[in-house]
2 protein chains.
Amino acid sequence: MAGVSAATVSKVLRGVASVKQENAKRVHDAVKKLGYRMDPLASGLRNEQRRIIGAVVPDLESPFFGALATGLEKAAEEAGYAMIIASSRESEAREADLVARMNDWRVAGTILTPVRSERGLGAERLHALNMKAVLVDRVSADRRFDTVTADNYAASASVADLLLGAGHSRILLHGATRISKSVRTRLQGFTERARAVGSKARIDTLLSEEDPEAQRDAVFRYFEGLDPAERPSAVFSLSQHSTLLVLSELRRRGVRVPADIALIGFDDADWMQTTWPSISAVAQPVAAIAERAVAVLLARVEGENTGFPVQHLEPCTLIARQSTGPDRVPAMKTQFAE
Amino acid sequence: MAGVSAATVSKVLRGVASVKQENAKRVHDAVKKLGYRMDPLASGLRNEQRRIIGAVVPDLESPFFGALATGLEKAAEEAGYAMIIASSRESEAREADLVARMNDWRVAGTILTPVRSERGLGAERLHALNMKAVLVDRVSADRRFDTVTADNYAASASVADLLLGAGHSRILLHGATRISKSVRTRLQGFTERARAVGSKARIDTLLSEEDPEAQRDAVFRYFEGLDPAERPSAVFSLSQHSTLLVLSELRRRGVRVPADIALIGFDDADWMQTTWPSISAVAQPVAAIAERAVAVLLARVEGENTGFPVQHLEPCTLIARQSTGPDRVPAMKTQFAE
DNA sequence: CGCGAGAAATAAATCGATTTACAGCATGCA
DNA sequence: TGCATGCTGTAAATCGATTTATTTCTCGCG
């Protein structure tokens with residue numbers, strides 16, 4: 001229709017090589033008149049690199065990963081890449097399978113949030129298939145891939161400062177669901193800070209990985225085995241799920257929050273600011289993580305970055321609400337440095 | 001490697017036409033030895049129909065759509081289709097754009113949860129492009145496409161039975177965020193049932209669509225304008241967001257739930273069974289909706305169903321908890337008939 | 001032994017773009 | 001004028017599978 005060859009059309013549409021003004025215009029006119037849209041699939045076939053980014057997350061039902069997926073998609077789109085999102089549903093085998101499938105699609109790069117850590121089947125497969133990738137969220141530094149996570153360590157250290165500063169002398173750290181790398185890092189951040197400041201506080205840790213009922217039981221037995229006088233005066237729950245679980249169990253036992261026990265959780269959620277007492281929480285910078293992950297990946301994909309893998313830490317925000325006690329800390333956002 | 005032509009390999013791998021046992025075996029052996037995996041992209045190129053299903057949801061951050069996406073992906077995978085998930089982020093323009101993009105990918109079919117209703121830009125585009133599709137969740141019956149939704153109408157009627165049966169004589173129906181088709185249907189289900197049973201109860205409705213602050217204000221002004229004696233004794237919130245908002249506002253005003261006001265919300269969430277008082281809710285059958293949507297779509301795609309579009313309603317579950325008052329109804333699941 | 005029917009395998013065309021290699025054409029310089 | 005150079009455009013090969021049209025092979029039967 002424009003009276004030129006397909007090759008010329010291809011050039012015009014990708015704005016690549018030299019095409020005369022006049023012909024370019026005729027092509028654009030024809031495109032508009034015909035409502036032509038190129039087939040991204042056929043387009044990708046010829047070239048090694050397809051403008052697709054794959055994303056594998058452990059779960060889409062939690063607001064955190066939902067928000068992460070949204071952010072990733074948005075960032076990818078802005079960079080002109082399509083994004084394929086898949087959920088490993090907390091299964092490592094499925095995770096490795098999805099990675100292989102991403103490779104089948106010849107994606108330009110992959111963003112993986114592993115089920116457990118950077119030493120899982122997914123990352124291994126990524127490496128074996130020689131794919132470009134960024135690991136996100138449940139990882140620490142890695143030798144093969146760039147990583148992007150919330151600064152779990154620093155945020156947890158801040159929580160330690162908050163609780164120890166408020167004078168708590170016996171503290172329970174509680175983790176439920178899958179004990180991922182993130183959870184371990186949070187644990188470490190808290191305990192190491194406590195040790196570093198020479199705190200004499202006694203710190204219990206309770207981690208349970210099994211089904212919800214078993215987790216509930218574990219909390220129950222923990223409190224059952226304690227003299228009320230011995231009871232911790234504060235709980236730091238290491239995941240949103242854990243916060244919910246602990247809160248529920250405390251309520252069942254008639255323990256008052258924060259009068260009897262203070263509570264602060266990792267990961268913020270809508271309901272936490274609405275429930276009574278409102279729950280203090282560490283909010284993760286989801287949008288920043290997503291943007292950074294895509295940026296870092298594309299720098300690799302487009303060959304701008306060929307250096308050693310880098311670990312990127314995005315700062316969290318500590319939100320002190322009622323559950324950590326009145327007046328001890330102002331009920332406002334506390335942004336802390338990186 | 002197997003000593004046969006590419007055409008034969010293709011036949012063997014799709015298990016289509018006639019291939020001698022021996023050759024089939026040799027192909028399978030070679031596949032295993034080489035670790036061959038076919039390129040789904042190249043595979044789709046030749047054929048009109050690609051084994052891909054597109055899904056467009058309004059948002060991935062809410063647990064409901066997250067769960068829906070997970071369910072859709074699972075069902076599609078079980079049927080041997082890949083799934084591309086995209087979020088319209090509550091924008092109709094983006095929704096239409098995503099539909100067009102799905103068409104570029106030549107998906108076999110599309111599952112669309114419209115931002116507003118079946119009369120939106122997305123569905124229109126689907127129709128204009130002559131695509132096969134199923135509309136999910138925020139829709140009522142449609143002449144062009146099959147639809148799948150929770151049975152919002154029946155569930156809301158049940159809520160009416162519950163509240164009216166408990167003797168409430170002034171009831172607030174509250175909707176926030178986007179006032180979608182679902183929300184309107186819920187409203188209708190409640191009010192029509194109330195009328196049908198000849199209830200004399202006074203029913204207020206408060207719908208606000210703007211930003212969170214404006215919504216909060218609207219609730220505030222509603223209560224402010226009422227004599228406490230005139231206050232409704234029950235609130236039915238028409239979405240999860242609305243439940244959170246109402247709960248928050250009631251707490252701010254020191255209104256006791258359920259002593260002063262009973263509360264029940266559409267859409268269940270983890271936190272509702274843990275918060276105190278626990279919140280009664282209508283749980284939507286997400287998994288069933290997802291499975292049904294994929295099944296219905298594939299029946300169209302594979303040509304098994306060429307009849308008129310059908311509206312599918314999946315039954316909800318009413319979960320009565322503390323917020324609708326003690327002892328009035330048993331604190332257990334009430335499954336009601338379709 | 002030869003022929004035809006049916007089964008099995010393959011060569012070649014195809015899907016829709018990109019890329020390569022080359023041709024056509026104008027311009028500049030000797 | 002002759003030839004190199006640069007700029008544009010095109011024909012044809014290519015990506016990796018599927019499909020069609022055709023060939024080859026196998027039997028069975030007269």
Side-chain angles (χ1 to χ4, degrees), chain A residues 1-52 80-82 84 100-108 129 131 301-303, chain B residues 1-52 80-82 84 100-108 129 131 301-303:
Chain A
M1 174 158 180
V4 296
S5 72
T8 305
V9 174
S10 175
K11 282 179 186 168
V12 171
L13 292 191
R14 266 167 326 121
V16 198
S18 49
V19 178
K20 245 196 298 187
Q21 279 285 327
E22 190 204 318
N23 278 349
K25 186 177 170 344
R26 296 177 57 178
V27 168
H28 281 126
D29 288 351
V31 162
K32 190 163 291 180
K33 196 169 301 179
L34 297 171
Y36 170 84
R37 309 188 113 224
M38 112 182 159
D39 184 334
L41 205 148
S43 160
L45 185 56
R46 181 61 160 79
N47 211 350
E48 196 66 23
Q49 277 249 131
R50 296 171 184 174
R51 290 189 78 80
I52 308 175
Y81 283 75
I84 302 184
R101 224 175 299 177
M102 291 299 172
N103 192 52
D104 293 344
W105 282 90
R106 305 270 168 85
V107 294
L129 293 172
M131 297 167 71
V301 163
E302 287 163 6
Chain B
M1 173 157 181
V4 296
S5 71
T8 305
V9 174
S10 174
K11 283 179 187 168
V12 171
L13 292 190
R14 267 168 325 121
V16 198
S18 48
V19 178
K20 245 196 297 187
Q21 279 286 328
E22 190 204 318
N23 278 349
K25 185 175 172 348
R26 296 178 56 179
V27 168
H28 280 126
D29 288 351
V31 162
K32 190 161 292 178
K33 196 168 302 178
L34 296 171
Y36 170 84
R37 309 190 111 226
M38 107 181 164
D39 184 333
L41 205 148
S43 160
L45 183 57
R46 180 58 159 81
N47 212 347
E48 195 65 24
Q49 280 254 128
R50 295 171 186 174
R51 290 188 77 80
I52 308 175
Y81 283 76
I84 303 183
R101 221 173 302 175
M102 291 299 172
N103 192 53
D104 292 345
W105 283 90
R106 305 271 170 86
V107 294
L129 293 172
M131 297 168 70
V301 163
E302 289 165 5

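Order of the sequence lines fixes the chain letters, A, B, ..., with proteins taken first and strands second; residue numbering starts at 1 for each chain. Computation of the quantities below employed the complete heavy-atom set of this structure, encompassing side-chain atoms and omitting hydrogens, waters and symmetry-equivalent molecules.
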Measure the spacing between CE of A:Met102 and CG of A:Asp104 and express it to the nearest 0.5 Å. 10.5 Å
Within the structure shown, what part of the strands sits under 4.0 Å from A:Val9 by heavy-atom distance: base, sugar-phosphate, or nothing? nothing
Starting at the 5' end of DNA chain C and moving along, which residue's nearest nucleotide shows up first, B:Arg50 or B:Val19? B:Val19
Taken to the nearest whole Å, CE/B:Met38 to P/D:dA17 is 8 Å
From CD of A:Glu22 across to C1' of C:dC25 the rounded distance in Å is 15 Å
Between P on D:dT18 and CG on B:Asp39, what's the gap in Å once rounded to a whole number? 10 Å
Without decimals, in angstroms, what is the distance between A:Glu48 CD and D:dC15 P? 10 Å
Contact check, side chains of A:Val107 and A:Met131, non-hydrogen atoms, under 4.5 Å: yes
A:Ser10 side-chain N/O to C:dA17 phosphate OP1/OP2 under 4.0 Å: no
It should be established whether A:Arg46 places a side-chain nitrogen or oxygen under 4.0 Å from OP1 or OP2 of nucleotide C:dG16. no
Between C:dG16 atom C1' and B:Asn103 atom CG, what is the distance in whole Å? 15 Å
Whole Å only: how far is the NZ atom of B:Lys20 from the P atom of D:dT24? 16 Å
Report yes if a side-chain nitrogen or oxygen of A:Ser43 is closer than 4.0 Å to either non-bridging phosphate oxygen (OP1 or OP2) of C:dG16; otherwise report no. no
I want to check one thing: is the phosphate of C:dT19, taken as OP1 and OP2, less than 4.0 Å away from some side-chain N or O of A:Arg14? yes
Can a side chain N or O of A:Asn23 be found less than 4.0 Å away from OP1 or OP2 on D:dG9? yes
Within the 4.5 Å heavy-atom criterion, are A:Leu41 and B:Arg106 side-chain neighbours or not? no
Starting at CZ of B:Arg26, measure out to OG1 of B:Thr8 and round the result to the nearest 0.5 Å. 11.0 Å
Nearest-nucleotide pick for B:Ala42, side chain only, options being C:dA8, D:dG16, C:dG16: D:dG16
Identify the heavy atoms of B:Val301 and B:Tyr81 that sit nearest to each other, and give their distance. CG1-OH, 3.9 Å
By nearest atom, which of the nucleotides D:dG16, D:dG9, C:dT19 is closest to the A:Leu45 side chain? D:dG16
To the nearest Å, how far apart are B:Lys11 NZ and C:dT10 P? 9 Å
Measure CD/B:Gln21 against P/C:dA9 and give the value in whole Å, please. 11 Å
Report yes if at least one side-chain N or O of B:Thr8 is closer than 4.0 Å to OP1 or OP2 of C:dA9; otherwise report no. no
What nucleotide among C:dT18, D:dT19, D:dG9 has an atom nearest to a side-chain atom of A:Asn47? C:dT18
